[in-house]
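Presented below is the structure to which this report refers.
Chain A is the first sequence line, chain B the second, and so forth, proteins listed ahead of strands; every chain is numbered from 1.
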Amino acid sequence: MERVSIEEAKRRLGETLTIAGWVSRTRDLGKLKFILLRDASGEIQVTVKPDNPIAETLEELHLGREDVVAFKGRVVESRIAHAGVEFIPESVELINRAKQPIPIDVSGRVKAELDTRLDYRFLDFRTPRSRAIFRIQHTLLQAFRRFLSDRGYLEIQPPCIIASASEGGAELFRLPYFDRTAYLAQSPQLYKQMCAVSFEKVFMVVPVWRAEKFDTPTHLNEVRQMDIEQAYADDEDVMRVLEECLVYMLEAVRRERREELEILGRELEVPRLPLRRLTYDEAIEMLRGVGDEIEWGEDFTRTQERKLWSLLGEEAFFIKDWPETLKPFYAMPREDDPRLVHAFDLIYRGLEISSGTQRIHLPDLLRRRLREKGLNPENFKHYIECFEYGAPPHAGWSIGLERLTMAVTGASNIRECCMFPRDRERLIP
RNA sequence: GCCCUGGUAGUAUAGCCCGGUCUAAUAUGCUCGGCUGUCACCCGAGUGAGCGCGGGUUCAAAUCCCGCCCAGGGCGCCA
């Protein structure tokens with residue numbers, strides 16, 4: 001089909017072109033008909049006067065919302081049409097009918113609940129809100145890749161099916177693997193380390209799975225994460241990369257997604273660097289200062305993270321120097337206080353969007369830490385092995401894509417920021 | 001797994017507290033009719049739910065009670 005996008009057509013005034021898209025709505029005044037036609041690029045009003053050769057065909061077609069139609073004709077300036085331009089067709093082709101009534105209002109005017117929207121996700125993608133969210137997500141991803149590629153990081157592809165569940169922590173999804181049992185990866189952690197000890201600087205965007213029965217607005221059983229791993233780096237080094245990367249991504253969204261931010265009613269503030277580095281101890285103090293009864297050694301709840309955000313009044317900040325009990329075995333202990341590890345979380349708009357650590361690159365220390373955590377170093381032979389043949393110190397982090405999208409778009413439920421969310425109940429679509 | 005709130009036309013809400021006036025209302029959609037400049041077009045008519053599912057109380061249940069399922073939020077859980 002010789003077809004141009006609606007946005008392109010608007011730039012090519014007077015030329016005879018074919019546009020195609022969905023009927024957003026029709027305004028039928030009897031002899032005069034207006035059809036609002038929408039494609040992925042934009043919307044235009046198609047105006048059909050009684051003397052138009054297609055006037056009669058159009059009457060017979062009786063177009064309805066979301067019918068797919070192609071028009072051949074030209075874009076002309078119009079002083080009457082509010083958009084300033086309109087499309088005058090000379091022929092029309094009905095490409096496909098939409099069944100009526102449509103399950104949700106694609107124009108976004110009659111609200112639908114998230115659950116209903118997710119049942120009809122393909123239609124929901126046509127609403128201004130959803131389109132804005134996923135375009136912003138796309139920009140975040142593009143900016144992430146560009147930022148790291150420009151700085152010499154190599155994009156790697158770790159496996160999603162893994163053999164071992166012996167890392168501890170979250171429950172994994174099991175699956176049959178020929179005559180063995182395998183698992184869906186809960187983290188590409190080991191693989192990115194294996195890459196970093198040879199490629200030095202790597203990044204990736206991968207899905208991960210957690211079989212936890214959580215039921216919250218910020219958790220999914222399948223999420224995508226954006227990770228880096230870097231050799232010859234400690235936690236502070238990669239925190240700097242993280243904050244710069246965040247600012248880079250936010251600036252890209254602010255620059256390239258002005259219209260989408262407006263649809264969402266979001267004014268995106270780009271934090272100034274360096275970000276505040278709050279220690280875990282300071283965060284505990286702050287919460288206690290306002291009457292929160294948090295114990296040292298406890299993790300922060302979502303409510304507490306939001307509380308810290310409002311107390312600090314900063315868009316984004318780090319919490320660092322965590323108790324070793326709250327972080328995985330491979331987090332490097334602090335020399336000055338072995339109760340603490342070189343680990344950090346990044347809180348953006350009250351939401352934990354990223355966490356990272358400096359990793360233990362010393363096999364003996366790793367074995368000791370595993371034992372201290374009640375794990376058997378024998379089960380981690382392949383993991384430890386990659387540090388036996390010349391492993392530089394290294395550190396890394398991971399950003400949850402859906403969480404970041406939530407914070408940037410202002411969505412209150414993570415499901416809205418995942419195209420096809422997987423949670424405890426939802427497996428379809 | 002726990003606590004709170006909710007589930008009513010395709011969609012979103014009202015009604016529920018205080019049972020009967022609900023033959024279930026409103027918006028939007030949809031159907032039909034009218035309209036030559038609309039732009040959330042307008043005007044008129046119509047269509048569409050028996051109130052999440054199951055049970056109970058009552059002369060009478062959308063409304064009260066019990067169980068279950070589902071949704072939203074808070075927690076828990078979550079290297």
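- Screening A:Asp115, A:Asp119, A:Asp423, A:Asp124 for a salt bridge (Lys or Arg N to Asp or Glu O under 4.0 Å) involving A:Arg415 leaves a single residue, A:Asp423.
- Applying the Watson-Crick and G-U wobble criteria (two distances, each under 3.5 Å), B:C59 pairs with B:G20.
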- Check the pair A:Tyr232 / A:His361 against ring-ring contact (aromatic ring centres under 6.0 Å, His included), numbers first and verdict last. CA-CA 11 Å; A:Tyr232 304 101; A:His361 62 288; 9.5 Å; no
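- Rounded to whole Å, the separation between the C1' atoms of B:G29 and B:C66 comes to 38 Å.
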- Query: Once each nucleotide of nucleotides 3-12 of chain B is scored for protein heavy atoms under 4.0 Å, what B/S/- sequence comes out, 5' to 3'?
  - Reply: -------SBS
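- For the pair A:Pro217 and A:Asp423, both in contact range of RNA chain B, the more 5′-proximal nearest nucleotide belongs to A:Asp423.
- Comparing the P positions of B:U63 and B:A71 gives an interatomic distance of 22 Å, to the nearest angstrom.
- Comparing the C1' positions of B:G20 and B:G67 gives an interatomic distance of 27 Å, to the nearest angstrom.
- The partner of B:G37, taking Watson-Crick or G-U wobble pairs whose two distances both stay under 3.5 Å, does not exist in any strand shown.
- Distance A:Arg424 CZ to B:A71 C1': 13 Å, rounded to the nearest Å.
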Distances under 3.5 Å only, N/O to N/O: pair up the protein atoms with those of nucleotides 35-39 of chain B.
unit_1: B:C35; atom_1: N3; unit_2: A:Asp28; atom_2: O; d: 3.2
unit_1: B:C35; atom_1: N4; unit_2: A:Asp28; atom_2: O; d: 2.9
unit_1: B:C35; atom_1: N4; unit_2: A:Gly30; atom_2: N; d: 3.4
unit_1: B:U36; atom_1: OP2; unit_2: A:Lys31; atom_2: N; d: 3.4
unit_1: B:G37; atom_1: O6; unit_2: A:Lys49; atom_2: NZ; d: 2.5
unit_1: B:G37; atom_1: N1; unit_2: A:Glu86; atom_2: OE2; d: 3.2
unit_1: B:G37; atom_1: N2; unit_2: A:Glu86; atom_2: OE1; d: 2.7
unit_1: B:G37; atom_1: N2; unit_2: A:Glu86; atom_2: OE2; d: 3.4
unit_1: B:U38; atom_1: O2; unit_2: A:Arg27; atom_2: NE; d: 2.9
unit_1: B:U38; atom_1: O2; unit_2: A:Gln45; atom_2: OE1; d: 3.4
unit_1: B:U38; atom_1: N3; unit_2: A:Gln45; atom_2: OE1; d: 2.9
unit_1: B:U38; atom_1: N3; unit_2: A:Gln45; atom_2: NE2; d: 3.1
unit_1: B:U38; atom_1: O4; unit_2: A:Gln45; atom_2: NE2; d: 2.8
unit_1: B:C39; atom_1: O4'; unit_2: A:Arg27; atom_2: NE; d: 3.2
unit_1: B:C39; atom_1: N3; unit_2: A:His82; atom_2: N; d: 3.0
unit_1: B:C39; atom_1: N4; unit_2: A:Ile80; atom_2: O; d: 2.3
unit_1: B:C39; atom_1: N4; unit_2: A:His82; atom_2: NE2; d: 3.2

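- For the C1' atoms, the distance from B:A24 to B:G15 is 8 Å, rounded to whole Å.
- Separating the C1' atom of B:A62 from that of B:G7 is a span of 12 Å, rounded to the nearest Å.
- Taking atom CZ of residue A:Arg38 and atom P of nucleotide B:A40, one finds them 16 Å apart after rounding to whole Å.
- Put simply, CZ on A:Phe214 is 17 Å from C1' on B:G74, counting in whole angstrom units.
- Look at A:Arg302 and you'll find a side-chain N or O under 4.0 angstrom from OP1 or OP2 of B:G74.
- Here B:C77 presents its C1' atom at 11 Å from NZ of A:Lys213, a figure rounded to the nearest Å.
- Both A:Arg109 and A:Phe300 sit near RNA chain B, but only A:Arg109 has its closest nucleotide nearer the 5' end.
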- Task: Would you please test A:Phe387 and A:Phe380 for ring-ring contact (aromatic ring centres under 6.0 Å, His included) and show each step?
- Result: CA-CA 12 Å; A:Phe387 308 116; A:Phe380 294 83; over 10 Å; no
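- Applying the 90° cutoff around 0 to the glycosidic angle, B:G48 is assigned anti.
- The same atom, C1', is picked in B:G48 and in B:A25; the two are 14 Å apart, to the nearest Å.
- The partner of B:A49 is absent, by the rule that a Watson-Crick or G-U pair needs both atom distances under 3.5 Å.
- In this structure, the ring of A:Phe144 has its center less than 6.0 angstrom from the ring center of A:Phe203.
- Under the 4.0 Å criterion applied to side-chain N and carboxylate O atoms, A:Arg240 and A:Glu244 are not assigned as salt-bridge partners.
- Between A:Glu171 atom CD and B:G76 atom P there is a gap of 18 Å when expressed in whole angstrom units.
- Contact check on A:Asp235 versus A:Lys320 returns no salt bridge, with no Lys/Arg side-chain nitrogen under 4.0 Å from an Asp/Glu carboxylate oxygen.
- The partner of B:G6 is B:C70, by the rule that a Watson-Crick or G-U pair needs both atom distances under 3.5 Å.
- Among B:G72, B:G74, B:C30, the nucleotide with an atom closest to any side-chain atom of A:Arg415 is B:G72.
- No engagement by A:Arg426 is indicated, since no non-hydrogen atom pair under 4.0 Å with the nucleic acid exists.
- Ring orientation note: the planes of A:Tyr280 and A:Phe300 are tilted relative to one another, at an angle of 30° to 60°.
- One atom, NE2 of A:His219, and another, P of B:G74, lie 10 Å apart when rounded to the nearest Å.
- Note: CZ (A:Arg306) to P (B:G73) measures 10 Å, nearest angstrom.
- Ion pairing between A:Asp337 and A:Arg339 holds under the 4.0 Å rule for side-chain N and carboxylate O.
- Nucleotides B:A49 and B:C2, compared at atom C1', are 34 Å apart to the nearest Å.
- Pairing for B:G76 is absent, with no Watson-Crick or G-U wobble pair whose two atom distances lie under 3.5 Å.
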- Walk me through it: do A:His219 and A:Glu212 pass the test side-chain hydrogen bond (donor to acceptor under 3.5 Å, both in side chains)? CA-CA 9 Å; A:His219 291 267; A:Glu212 295 293 333; over 6 Å; no
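- Between the CZ atom of A:Phe173 and the P atom of B:C78 there is a distance of 15 Å, rounded to whole Å.
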- Tell me, with the steps shown, if A:Glu171 and A:Lys213 meet salt bridge (charged side-chain N to carboxylate O under 4.0 Å, His left out). CA-CA 9 Å; A:Glu171 288 285 316; A:Lys213 290 183 175 171; over 6 Å; no
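- Comment: A:Arg422 does not engage A:Glu222 in a salt bridge, judged by the lack of any side-chain N to carboxylate O separation of less than 4.0 angstrom.
- Between A:Asp234 and A:Arg359 no salt bridge is recorded (no basic side-chain N to carboxylate O distance below 4.0 Å).
- When the C1' atom is used for both B:G52 and B:U5, the distance is 16 Å, rounded to whole Å.
- For B:G73, one of the phosphate oxygens OP1 or OP2 lies less than 4.0 angstrom from a side-chain nitrogen or oxygen of A:Asn413.
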